[in-house]
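Step one of this worksheet: look at the structure below.
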Amino acid sequence: MLLITAALACVLSTPVSSDVVQDAAPASEQAQAATPSPDPKDQPPDPQDQSQDPKNQSPGAKDQEAEAKKPATPPHTGIRALATGVVEDIEHVPSKRNLYVLAIGGGLAAAAHPADQTFNVHLRSHYDGVNKAFAAGKYFGNTPEQVGMSLGTYAWGRLRHQPKVSHLGMDLLQAQIMSEILVQPLKFITQRQRPDLSDRHSFPSGHSAVTFASATVIERHLGWKKSVLGYVIASYVAASRLHYNRHYLSDVTFGAAVGTIAGNAVMHHQPDNWTFAPVNMPGGVAILVSRNTR
């Protein structure tokens, strides 16, 4: 073994003559010249180009893209974060998005106002089945019940260490708070008498506002497909208030707009955000402007 190792060391340490190197170089060049260059059409497609094509994205990539559109989970979802979030929500009520909602909701309420005195009459029924079907709307849209369900969602996420669930519960709770902040002053300012003459807190509908606020938050967290049920429940609650003659049509219409505004204010970290970022360019710096429009 020692002799073989010594012989290999001598062979490897022997320098190669310059003539051999000079003769080998042209041979390699000739071999490269003789080898035809590959046709770009025959080359296999670049996997990076395929990954950029939305048609070739795998279901997992689409799920990741959908997940990226959902609101980021905050590091803290405690009482202090809730109080801070409510203050930030109030600051984000005035926005272009909410201005559009206010204009549309106000226009629809104004258009429905002439039918206020006659619309509810067509929804009244003496059939027990119809009355029972609308009976649950009072409780689905009641603020204590909505707050209880929000707190239940929040507590479930905290106890089971699921930050996304507790984040959803916290946003739902903030939506209830924002709805009350917006609805109650309007009720006392307008002093509109209810159609059943029970009091002067008819405009806007608090039941309609609180359920549409919850539906808006659910839509931002889970996507519009999973929020369809929330909007159906909100519409059902609004119809139940008309059925039992507790509100006018314009009350529930504007209440839905107010609830949507409250939900948008809570979800201010979602779409319609502009981002400005400096980018180094040859010879200077450019400003990259992007908009998150889910």
>> Apply side chain to side chain contact (heavy atoms under 4.5 Å, CB included) to residues W224 and Y231 and explain how you reach the verdict.
In response: CA-CA 10 Å; W224 69 269; Y231 284 110; over 6 Å; no
>> If we ignore hydrogens and angles and just use 3.5 Å, is the side chain of D116 paired with the main-chain N or O of S250 as donor and acceptor?
In response: yes
>> Looking only at the side chains, is there a donor atom on one of Q191 and S202 sitting less than 3.5 Å from an acceptor on the other?
In response: no
>> Donor-acceptor pair, distance only, cut-off 3.5 Å: does the side chain of S95 make one with the backbone of N98?
In response: yes
> Would you say the ring centroid of H201 lies under 6.0 angstrom from that of F188?
Replying inline: yes
>> Could you tell me if R246 and S198 have a donor-acceptor pair between their side chains, going purely by distance under 3.5 Å?
In response: yes
> Taking atom CD1 of I261 and atom CG of L99, what is their separation to the nearest 0.5 Å?
Replying inline: 9.0 Å
> Listed by chain and number, what are the salt bridge (charged side-chain N to carboxylate O under 4.0 Å, His left out) partners of R194, not counting sequence neighbours?
Replying inline: D199
> What distance do L242 atom CG and D251 atom CG have between them, rounded to the nearest 0.5 Å?
Replying inline: 8.5 Å
> Can you check whether K138's main-chain N or O pairs, donor with acceptor, with H207's side chain at less than 3.5 Å?
Replying inline: yes
>> Which residue in the set E145, Q176, M170 passes side chain to side chain contact (heavy atoms under 4.5 Å, CB included) when paired with S150?
In response: Q176
> From I90 CD1 over to I181 CD1, what is the distance, rounded to the nearest 0.5 angstrom?
Replying inline: 4.0 Å
>> Can you confirm whether more than 12 heavy atoms, excluding those of F119, are under 6.0 Å from its CZ atom?
In response: no
> Would you say the side chain of I177 lies within less than 4.5 Å of the side chain of V147, judging by non-hydrogen atoms?
Replying inline: no
>> Are F203 and F254, when compared by the centres of their aromatic rings, separated by less than 6.0 Å?
In response: yes
> Does a side chain donor of either R97 or T260 reach within less than 3.5 Å of an acceptor in the other side chain?
Replying inline: no
> Would D196 and N245 count as having a side-chain donor-acceptor pair, cut-off 3.5 Å?
Replying inline: no
> Just wondering, more than 12 heavy atoms not from K187 lying within 6.0 Å of its NZ?
Replying inline: yes
>> Can you confirm whether M149 sits close enough to L172 that some side-chain heavy atom of one is under 4.5 Å from a side-chain heavy atom of the other?
In response: no
> Within the distance-only criterion (no hydrogens, no angle test), does the side chain of H221 pair as donor or acceptor with the backbone N or O of V217 below 3.5 angstrom?
Replying inline: no
>> Ignoring hydrogens and geometry beyond distance, is a side-chain donor-acceptor pair present between Q146 and S214 at under 3.5 Å?
In response: yes
>> We want to know whether H243 and N131 form a side-chain donor-acceptor pair, criterion being a heavy-atom distance below 3.5 angstrom.
In response: yes
>> Distance check, rounded to the nearest 0.5 Å: N142 atom CG versus T211 atom OG1?
In response: 11.0 Å
>> Working note: Y248 + S205, criterion side chain to side chain contact (heavy atoms under 4.5 Å, CB included); need CA distance, chi angles, decisive distance, verdict.
In response: CA-CA 9 Å; Y248 294 107; S205 169; over 6 Å; no
>> Checking the side chain of N120 only, and the main-chain atoms of H247 only, is there a donor and an acceptor separated by less than 3.5 Å?
In response: yes
>> What verdict does the side chain to side chain contact (heavy atoms under 4.5 Å, CB included) test give for H92 and V266, after you've listed the backbone C-alpha separation in whole Å, the side-chain angles of each residue and the deciding distance to 0.1 Å?
In response: CA-CA 8 Å; H92 284 85; V266 172; over 6 Å; no
> For R158, does its backbone N or O pair with a side-chain atom of Q162 as donor and acceptor, under 3.5 Å?
Replying inline: no
>> Determine whether T143 and E180 satisfy the following criterion, side-chain hydrogen bond (donor to acceptor under 3.5 Å, both in side chains), listing intermediate values before the conclusion.
In response: CA-CA 9 Å; T143 299; E180 293 299 318; 2.8 Å; yes
> Aromatic rings Y236 and F134: how do their planes relate, parallel, tilted or perpendicular, breaks at 30° and 60°?
Replying inline: parallel
> Going by heavy atoms in the side chains, are L182 and L186 under 4.5 Å from each other?
Replying inline: no
>> Just checking H113: does its NE2 atom have more than 12 heavy atoms from other residues, nucleotides or ligands closer to it than 6.0 angstrom?
In response: no
> Between S208 and P204, is there a donor-acceptor pair closer than 3.5 Å when you use the side chain of the first and the backbone of the second?
Replying inline: no
> Can you name the salt bridge (charged side-chain N to carboxylate O under 4.0 Å, His left out) partners of D89, sequence neighbours left out?
Replying inline: none
>> Quick check: is L123 connected to Y244 through a chain of hydrophobic side chains (ILVMFWY, heavy atoms under 4.5 Å apart)?
In response: no
